[in-house]
Amino acid sequence: MITVFGTGTGAPLPPDAGAALAGAGLVVGARRHLAAAALPDTAARIVLGPLAPALDAIGRHLEEAGREEDEREDAAAGRGRVVVLASGDPGFFGIVRALAERFGAERLDVRPGVSSVATAFARAGLTWDDAVVVSAHGRDLRTAVNVCRAHPKVAVLTGPGSGPAELGAALRSAGRVLVVASELGADDAERTERVSPAEAAARDWGPAVNVVLCLDESRVLSPVRTVAGPPPGPSRWALSEDEFAHRDSMITKFEVRALALARLGPRLGEHVWDVGAGSGSVAVECARFGAAVTAVEKTGDGVERVRANAAAHGVDVTVVHGAAPAVLSGLPDPDAVFVGGGGRELPAVVTACARRARRAVVVAVAALDRVPAAREALVAAGLDCDGVLLQSSRLAPLPGDVTRLAAANPVFLLWGVRPPAHGDVPQGVPHGVPDGVSSDVRSDVRSDEGVAQ
């Protein structure tokens, strides 16, 4: 068996750890955990640093102990037991997942402590049943940034190169407050500070282990909840045009929007551009799925319309006033892009978007003459291109309580998908949605949630 003890944030080992340690053949933990524990002289010790060598050593110990017990019927009970000492809750972004994947969950006896995330929210006096938790420890910071832009209550587990300063620098214009909880559980060193993103970016936070709470204080207090986790995705999408403010029916129709959303695949942790946003209907729908969204619109009244539609649907959309492609150069790279409209600048816009999109570009074109150039731009950027001509007819009433079919203008929908590079591994996204970041564990498990280095 492998017994995993989580000390909790700043807490000592639990009372039942003594008996487990006394009978252990191998004890694994951070240097401070090993130094604080009463270990038997006969137990081998491994100081945790990189995770992979520790897992290999545990595997060798279990194999050797198994052979010894096979050879000696009088082998001492528990000779092969492994005890792992960890901080916080080792099942939350911690070593439990790596141990279970390597040795099987049935061999684990886990005694969890209080996680640093629970402690950070407690220090801030906030509930966290509606929070999104994302790890930036050993991961690309952009996922955490996108989650913070899209969700009002986020906890970010930080790491070297992706700490409060880097997070603050990326969120300067996001209208958020950061609560930086450092050295949680350390009586003399623990600090909890509320700062603006700009203030966080200007500070040198040093090597301290941090949990950063990113809050939209205008939306941070939620109603009483019965289900923990972030709000679920929308119960319906491809909303009717009359659910958006628009000018002279200049809006992406819901039939087109439905297929565009399917090809864009917006999700929490990603960044989507809506270029030529018009009413912002695509931007709003992507934001309702949890993506961070930037809408680009060249008209002043269009900018205000997009903002109004976002507010009406309770989502955050960053609206940029300017003409593409020139205005795109200052924006963070997107995962997916929707391009609407179809003026003479369309090929240049599609080219600029396709060069920077990490995953997909979807283009809606009404004019037949613009289709070849748009398709060529997608292919030239290395995307696999496909498309359809959408022609729909809606039910419309006639006098006499009868119905006719009213044809909508046909629209070409093209999409380009970037082929996966050889050896690419899908990136995780946050806790509470499929393939969540909280289930995306690598060998660089966060140090204060199960592994202390």
Side-chain angles (χ1 to χ4, degrees), residues 1-34 36-40 43-63 65-66 77-120 122 128 133 135 137 155 157 184-185 209 211 228-229 428 431-432 436-453:
M1 291 294 295
I2 302 173
T3 304
V4 186
F5 286 98
T7 65
T9 305
L13 288 172
D16 57 346
L21 288 168
L26 175 66
V27 182
V28 181
R31 195 176 304 278
R32 70 179 187 273
H33 292 142
L34 298 177
L39 305 181
R45 308 177 188 191
I46 296 176
V47 178
L48 273 172
L51 187 58
L55 295 177
D56 292 340
I58 292 172
R60 288 192 298 269
H61 175 83
L62 295 175
E63 291 176 3
R79 180 70 176 270
R81 180 176 292 275
V82 176
V83 174
V84 178
L85 305 178
S87 299
D89 180 353
F92 189 74
F93 285 101
I95 199 171
V96 166
R97 182 175 290 104
L99 291 171
E101 290 175 350
R102 179 73 172 266
F103 305 110
E106 68 280 359
R107 300 186 74 170
L108 303 183
D109 177 12
V110 182
R111 319 286 178 87
V114 178
S115 76
S116 62
V117 172
T119 304
W128 66 291
V133 183
S135 178
H137 184 82
L157 301 174
L184 288 171
V209 174
V211 177
H431 176 65
V437 157
S438 62
S439 63
D440 176 17
V441 168
R442 308 178 186 179
S443 61
D444 50 1
V445 178
R446 177 175 165 83
S447 62
D448 71 331
E449 296 297 350
V451 176
Q453 298 178 2

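All residue numbers refer to positions in the sequence shown, counting from 1.
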Using side-chain contact (heavy atoms from CB on, under 4.5 Å) as the criterion, point out the one residue from Val4, Val83, Thr3 that pairs with Asp109.
Thr3
Is there a side-chain contact between [X] and [Y], using heavy atoms and a 4.5 Å cut-off?
{"X": "Val28", "Y": "Ile95", "value": "no"}
{"X": "Asp56", "Y": "Arg102", "value": "yes"}
{"X": "Asp89", "Y": "Val117", "value": "no"}

For the student: nearest non-hydrogen atoms of [X] and [Y], plus distance:
{"X": "Leu108", "Y": "Val96", "answer": "CD1-O, 3.8 Å"}
{"X": "Gly6", "Y": "Pro90", "answer": "CA-CD, 3.7 Å"}
{"X": "Arg107", "Y": "Met1", "answer": "O-CE, 3.4 Å"}
{"X": "Ala43", "Y": "Val27", "answer": "CB-CG2, 4.2 Å"}

Between [atom1] on residue [X] and [atom2] on residue [Y], distance to nearest 0.5 Å:
{"X": "Leu39", "Y": "His33", "atom1": "CG", "atom2": "NE2", "result": "12.0 Å"}
{"X": "Leu85", "Y": "Leu34", "atom1": "CG", "atom2": "CG", "result": "6.0 Å"}
{"X": "Ile2", "Y": "Arg81", "atom1": "CD1", "atom2": "CZ", "result": "10.0 Å"}
{"X": "Ser87", "Y": "Leu184", "atom1": "OG", "atom2": "CG", "result": "11.0 Å"}
{"X": "Arg31", "Y": "Leu48", "atom1": "CZ", "atom2": "CG", "result": "10.5 Å"}

Passes side chain to side chain contact (heavy atoms under 4.5 Å, CB included), His61 versus Ile46? Steps please.
CA-CA 11 Å; His61 175 83; Ile46 296 176; over 6 Å; no
Let's go through Phe103 and Val82 carefully: what are the C-alpha distance in whole Å and the side-chain angles of both, what is the deciding distance for side chain to side chain contact (heavy atoms under 4.5 Å, CB included) to 0.1 Å, and is it a yes or a no?
CA-CA 12 Å; Phe103 305 110; Val82 176; over 6 Å; no
Leu21 and Phe5: side chain to side chain contact (heavy atoms under 4.5 Å, CB included), yes or no, with the steps?
CA-CA 10 Å; Leu21 288 168; Phe5 286 98; 5.7 Å; no
